[in-house]
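Some notes on the structure that comes next.
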Amino acid sequence: MAEKMNRIAVLAGDGIGPEVMGATLQVAKEVEKRHGLAVEWKEGLVGGAAIDAKGKALPEETVELCRSAKAVLFGSVGGPKWETLPPNEQPERAALLPLRKIFGLYANLRPAVLYPELVGCSPLRPDRVAGGFDVLVVRELTGGLYFGQPKETTKTAKGERSVDTMVYETHEIERVTEVAFRAAAFRKKRVTLADKANVLETSLLWRKVVKQVAAKHPNITLDFMYADNAAMQLVRDPGRFDVLLCENLFGDMLSDEAAAVAGSLGMLPSASLGEGSFGLYEPAGGSAPDIAGKGIANPIAQILSLALLFEMSLGQPEAAQTIRHAVAGAIRDGWRTADIAASGEKKVGTQEMAKEIARRVALGTGKS
Ligand code: NAD
């Protein structure tokens with residue numbers, strides 16, 4: 001007997017978004033069957049596709065769809081077609097940022113995993129990443145330099161003067177730190193805070209609040225690292241990190257760096273969470289206009305985003321594990337899209353990769 005209906009807003013967006021989303025929904029259907037779940041996948045317009053059809057990147061009906069849903073499965077937005085629009089109307093800025101704001105999505109989780117079989121995809125020397133690694137970057141998403149006021153450019157006698165403001169309050173730090181510690185409890189139980197406590201006032205507050213939260217989680221080890229050193233350690237020895245906690249700006253940069261050392265953007269999912277179980281799940285990469293429409297994009301980032309959604313918004317960790325095992329099994333048995341294929345390895349397209357993962361989901365444990 002299927003469980004109660006869960007609605008998920010599916011916003012495929014632009015570029016490779018629709019291709020990888022279509023492929024991912026095939027996997028989702030198999031997961032439902034295997035775990036006896038009933039999910040309503042309801043599609044909506046977002047990004048450039050919404051600009052073309054409705055005149056704006058985030059139409060009101062899309063916001064309503066998201067409000068009526070337990071979570072959002074997001075593809076990617078943007079592309080050359082919309083790059084000449086005024087900055088405030090461009091797909092990423094006019095769709096993703098408002099969605100984060102409307103739903104109070106203050107914590108961004110980006111697992112950067114390098115599978116042992118894909119060590120050759122990492123730009124790092126094989127001895128530095130032997131056996132792969134698994135780092136979770138937890139980034140504060142709604143505060144800090146990107147949102148602090150004043151934020152302006154004014155004319156001066158000699159030219160112009162610009163100011164951005166980095167501001168954090170205790171509660172903003174507390175809630176994202178809780179997310180990081182809760183995640184660490186299911187991992188290697190280590191949290192590292194990347195900050196600039198040597199020069200930034202906000203970093204001193206981060207250290208103070210993070211220590212207070214840590215006191216409530218005595219089984220988790222906490223350490224601190226300057227963000228510039230963290231950037232260096234990520235390329236020297238990424239395996240030394242478990243959960244890397246960062247304020248917004250440092251997290252933006254360090255999560256991209258972690259993604260880069262993990263190899264392909266096509267493998268990396270992300271989750272943006274707020275209060276309660278609502279979340280927005282999307283690949284770490286963008287709309288990849290260079291390969292859009294060719295059927296060669298890697299669907300795994302979107303499929304692993306689906307796994308995070310099952311786990312965090314639908315409370316179905318077993319379904320998430322089924323997906324992860326299926327992905328790991330396909331990788332282990334040599335299934336490769338172009339972005340992760342070594343020279344001479346056989347390449348498959350988006351649909352073939354998703355079909356193989358769906359087949360393994362149906363089997364149950366990633367076995368071939
Ligand atoms: P990108 O992430 O789209 O592409 C960077 C490189 O990674 C490209 O070579 C691309 O082919 C590759 N890549 C990304 N995902 C892949 C996948 N699934 N399989 C195989 N290869 C993959 O970044 P970009 O080129 O800087 O940006 C392109 C567009 O995407 C821009 O319009 C940008 O604004 C937008 N963007 C959107 C989001 C989002 O929707 N969240 C995020 C980043 C960029």
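The model shown is predicted, which means the values in this text are computed figures rather than measured ones. In each ligand, atom 1 is the first atom listed, and ligand 1 is the first ligand listed.
Looking at Lys56, Lys54, Lys42 one by one, the single match for salt bridge (Lys or Arg N to Asp or Glu O under 4.0 Å) with Glu61 turns out to be Lys54.
Side-chain contact between Leu85 and Ile51 is present, with at least one heavy-atom pair separated by less than 4.5 Å. Counting only heavy atoms from C-beta outward, the side chains of Met267 and Leu118 approach each other to under 4.5 Å. Using a 4.5 Å heavy-atom threshold, the side chains of Glu43 and Met21 count as separate. Glu247 places none of its side-chain heavy atoms less than 4.5 Å from the side chain of Glu172. Proximity of His35 to Phe310: side-chain heavy atoms (C-beta onward) are nowhere separated by under 4.5 Å. Put simply, the side chain of Thr221 does not reach to within 4.5 Å of the side chain of Lys189, judged on heavy atoms.
For atom 21 (N) of ligand 1, the candidate residues are Ile291, Ile296, Asp14; the nearest heavy-atom contact is made by Ile291. Between Asn298, Thr350, Ile300, it is Asn298 that holds the heavy atom closest to atom 19 (N) of ligand 1. Residue Gly286 holds the heavy atom nearest to atom 43 (C) of ligand 1 of all those in Gly75, Ala260, Ser287, Gly286.
Summary of contacts: the protein heavy atom closest to atom 37 (C) of ligand 1 is Val77 O, 3.0 Å. Scanning the protein for heavy atoms near atom 3 (O) of ligand 1, the closest one is Ala288 N, 2.7 Å. At the top of the distance list for atom 27 (O) of ligand 1, counting protein heavy atoms only, stands Pro289 CD, 4.7 Å. Looking at atom 8 (C) of ligand 1, its nearest protein heavy atom turns out to be Asp290 OD2, 3.4 Å. Among protein heavy atoms, atom 5 (C) of ligand 1 sits closest to Leu265 CD1, 4.0 Å. Among protein heavy atoms, atom 17 (C) of ligand 1 sits closest to Gly266 CA, 3.5 Å.
The backbone N or O of Gly48 lies less than 3.5 Å from a partner atom in the side chain of Asp14, making a donor-acceptor pair.
Shown in contact with Gly285 at under 4.0 Å from a heavy atom are these atoms of ligand 1, numbered in order with element: 2 (O), 42 (C). Atom numbering of ligand 1 starts at 1 in the shown order; those under 4.0 Å from a heavy atom of Ser76 are 40 (O). For ligand 1, the atoms sitting less than 4.0 Å from at least one non-hydrogen atom of Ala297 are 19 (N), numbered in the order shown with element in parentheses. When each atom of ligand 1 is checked for a heavy atom of Asp339 under 4.0 Å away, the hits are 20 (C). Close approach of ligand 1 to Glu282 (heavy-atom distance below 4.0 Å) involves ligand atoms 41 (N). Residue contact check: Gly78 has heavy atoms under 4.0 Å from atoms 32 (O) of ligand 1.
Contacts between Leu96 and ligand 1 below 4.0 angstrom, taking non-hydrogen atoms only, involve the side chain exclusively. When non-hydrogen atoms are compared, ligand 1 lies under 4.0 Å from neither the backbone nor the side chain of Gln302.
Classification of Lys81 and Asp52 as a salt-bridged pair holds, one side-chain N sitting under 4.0 Å from a carboxylate O. In summary, Arg190 and Asp223 do not engage in a salt bridge, as defined by a charged side-chain N under 4.0 Å from a carboxylate O. Of the charged side-chain nitrogens involved, none lies within less than 4.0 Å of a carboxylate oxygen, so that Glu32 and Lys29 do not count as a salt-bridged pair.
For the ligand labelled ligand 1, residue Gly79 lies inside the 4.0 Å heavy-atom shell. Contact between Ile16 and ligand 1 is present, with at least one heavy atom of the residue lying under 4.0 Å from the ligand.
If you check the side chains of Thr142 and Arg100, you find no donor sitting under 3.5 Å from an acceptor.
Of the N or O atoms in Glu92, one or more lie within a sub-3.5 Å distance of an N or O in ligand 1.
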